Amino acid sequence: MFVSYLILTLLHVQTAVLARPGGESIGCDDYLGSDKVVDKCGVCGGDNTGCQVVSGVFKHALTSLGYHRVVEIPQGATKINITEMYKSNNYLALRSRSGRSIINGNWAIDRPGKYEGGGTMFTYKRPNEISSTAGESFLAEGPTNEILDVYMIHQQPNPGVHYEYVIMGTNAISPQVPPHRRPGEPFNGQLVTDGRSQEEREEKERTEEKEGDGGAPEVFTSGSAQAFPVRHPDGFSPHRPDDLVPAAPQSPRRSRDHNWKQLGTTECSTSCGKGSQFPIFRCVHRNTHEEVPESYCDSSMKPTPEEEPCNIFPCPAFWDIGEWSECSKTCGLGMQHRQVLCRQVYANRSLTVQPYRCQHLEKPETTSTCQLKICSEWQIRTDWTSCSVPCGVGQRTRDVKCVSNIGDVVDDEECNMKLRPNDIENCDMGPCAKSWFLTEWGERCSAECGAGVRTRSVVCMTNHVSSLPLEGCGNNRPAEATPCDNGPCTGKVEWFAGSWSQCSIECGSGTQQREVICVRKNVDTFEVLDPYECSFLERPPSQQSCHLKPCGAKWFSTEWSMCSKSCQGGFRVREVRCLSDDMTLSNLCDTQLKPEEKESCNPQDCVPEVDENCKDRYYNCNVVVQARLCVYNYYKTACCASCTRVANRHPGFLGSR
């Protein structure tokens, strides 16, 4: 008996040391002072060799809209993470190999939340903040009990999808979770007993059963004690004072007089959908069953409350109503949508179920009409002004304003820019009565080096049909010669030819004469030399034939008109006529050499006025521009610089409806 008492005392001391708070740390194997941790394979004390981490990025360029498979998740996969590289208009979808849709199937987009499939629970996340660039994701702990396929609902270029999961290898061992042990079971390779034989323990158990009253389950203290760590459900860990020290051995009589007894259970955690409750143990007198302070019982022998299911019947299904989408139109009558799903709560999880389970409830509407405001419209306030020029091509204008439904003039962005009437156009007042007509400048300079001139023909044309009171073309005759320079002349010896004389006859074939001399050209002067100084050069002819009649026709044109626009590309025009030598209209000009009558001008972009207060407040305002959100005042202010740039580049951009 003394030996049994000694063993009991030692076991009490060991239990108190193991339970001492603030002492050494406990490893994943529940041993005090152990430094073992769970590796990425879920193995306590493992070296990460018991599993394989599979990861990659799906970057294929997709062309067609619809579902495209991204990756296969094998059976038994754990630590599953499927994430878009950044936000896009695409959606991730999940389906079992048997064809059952788990998330975003059949072109129906589910709300973010938890979805059960493949034997595990998937968390579906879809960040919706404007400033967020994170993409969608599926997360699950696993393991899966079947093969699952991840798809992408492709609507815009693929941003890339990162996938990762863990599968157990052939040399992997199951995660080591220490089981709950009972007194008498092997612990760490040893069998812990209370020092009595098996027959003595069985006899004692029969005696204790006879002393019981047959009521609620009772747990009697014995000489044995637990020499192993016990796992307690969260929230039901036995309270131990911080200053706990090894307790003095209790008298055997006191242990036999009192015992732990279950007196009811805690309240169920939920009213439906599978909750949990725990038994309540109290210290009572063995014979009278009167509740006494817990110090009368052996605290090390107090049973661990085991979780028990309760109210396992499912909760009634209900309609889960999403938020209304934005109105399809910013003004006028539009449509808005929302998602309505039938959901049911079970085991503290809200699951999407078949719609027939909500048939006892009236299904809320999923579409509705909406109207943010009555659309503004364009109004032409004035008639066209008179043309800016009395003859030729000019411009005329009129006043066009965007007017609200109550008659107020508002910003142009409030109206549809695609329907805006023109407020400026070109006008042609007919040929001017008196205009200067010009040929193109000659291509050849009169001097091969040094200063020379290029020439053109200038003529004043009269339109006798016009009744405009103009006298001639005025004194602003365009120049017939312009300077040209083929580079400096430094001591070069060459033949110099003078101008040709008039033709020897007035029409037909004749001859022309000119003087040819040998000169040396310096920077500013000419030096006349003897002809033999230029004998090594080919002498230009001093006589040539000439033909005055019949004379060939030439193209003449007026000056260019003003450009129709000052920026972003306009056009200008001029009048071109074919004239013979006697300055009469002719049709003998070569049409392939006819000068252009119209050409583009001022292609540069319009430079808007810089507003120092017009700045972007978010780093991703390019997303707002791409999503065409600049039509809303909030985004137009938050992303002022980006919205202003695109409005100046594409005038109709902000007015899209």
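Index from 1, following the sequence. All figures in this text were calculated on a predicted structure; none of them were measured in a lab.
The side-chain hydrogen bond (donor to acceptor under 3.5 Å, both in side chains) test with Glu136 singles out one residue from Arg126, Lys87, Lys125, and that residue is Arg126.
Residues Asn422 and Val400 share a closest heavy-atom pair of O-CG2, 4.0 Å. Minimum heavy-atom separation, Trp441 to Ala479: CH2-O, 3.6 Å.
Atom CD of Gln502 sits in a sparse spot, with 12 or fewer heavy atoms from other residues, nucleotides or ligands closer than 6.0 Å. Enclosure of atom CD in Gln604 by more than 12 non-hydrogen atoms of other residues, nucleotides or ligands within 6.0 angstrom is indicated. For Tyr632, the OH atom sits in a packed shell: over 12 heavy atoms of surrounding residues, nucleotides or ligands are nearer than 6.0 Å. Counting non-hydrogen atoms of neighbouring residues, nucleotides and ligands closer than 6.0 angstrom, the CZ atom of Arg539 exceeds 12 such neighbours.
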Worked check of side-chain contact (heavy atoms from CB on, under 4.5 Å) between Trp500 and Gln544: CA-CA 9 Å; Trp500 290 105; Gln544 69 175 9; 3.3 Å; yes
Stepwise salt bridge (charged side-chain N to carboxylate O under 4.0 Å, His left out) check, Glu596 with Lys598: CA-CA 6 Å; Glu596 294 293 334; Lys598 181 178 180 180; over 6 Å; no
Apply salt bridge (charged side-chain N to carboxylate O under 4.0 Å, His left out) to Glu559 and Arg574, showing your working. CA-CA 6 Å; Glu559 297 280 1; Arg574 64 181 176 181; over 6 Å; no
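Residues passing the side chain to side chain contact (heavy atoms under 4.5 Å, CB included) test with Met335 are Ser328, His337, Thr367, Thr369, sequence neighbours excluded.
The pair Asp383-Arg398 fails the salt-bridge criterion, with no side-chain N (NZ, NE, NH1 or NH2) lying under 4.0 Å from an Asp/Glu carboxylate O. Using a 4.0 Å cut-off between a side-chain N of Lys or Arg and a carboxylate O of Asp or Glu, Asp149 and Arg95 do not qualify as a salt bridge.
Checked against a 6.0 Å centroid threshold, the rings of Tyr163 and Phe58 do not count as neighbours.
Cysteine sulfur proximity is not satisfied for Cys630 and Cys639, their SG distance being 2.5 angstrom or more. Between Cys643 and Cys621, the gamma sulfurs sit at a distance of 2.5 angstrom or greater. Cys375-Cys415 SG separation is not under 2.5 Å; the pair is not scored as a disulfide.
Annotation: the span from Asp399 atom CG to Thr382 atom OG1 amounts to 5.0 Å, rounded to 0.5 Å. Separation of atoms CG (Asn426) and SG (Cys387) is listed at 8.5 Å; rounding is to 0.5 Å.
Of the N and O atoms on the side chains of Asp423 and Thr397, not one donor lies less than 3.5 Å from an acceptor on the other residue. In this model, no donor atom of one side chain and acceptor atom of the other lie less than 3.5 Å apart for Asn104 and Tyr151.
Using modelled atom types, one side-chain atom of His154 and one backbone atom of Gln156 make a donor-acceptor pair closer than 3.5 Å.
Looking at Arg572 and Glu599, their side chains come closer than 4.5 Å, going by heavy atoms from C-beta outward.
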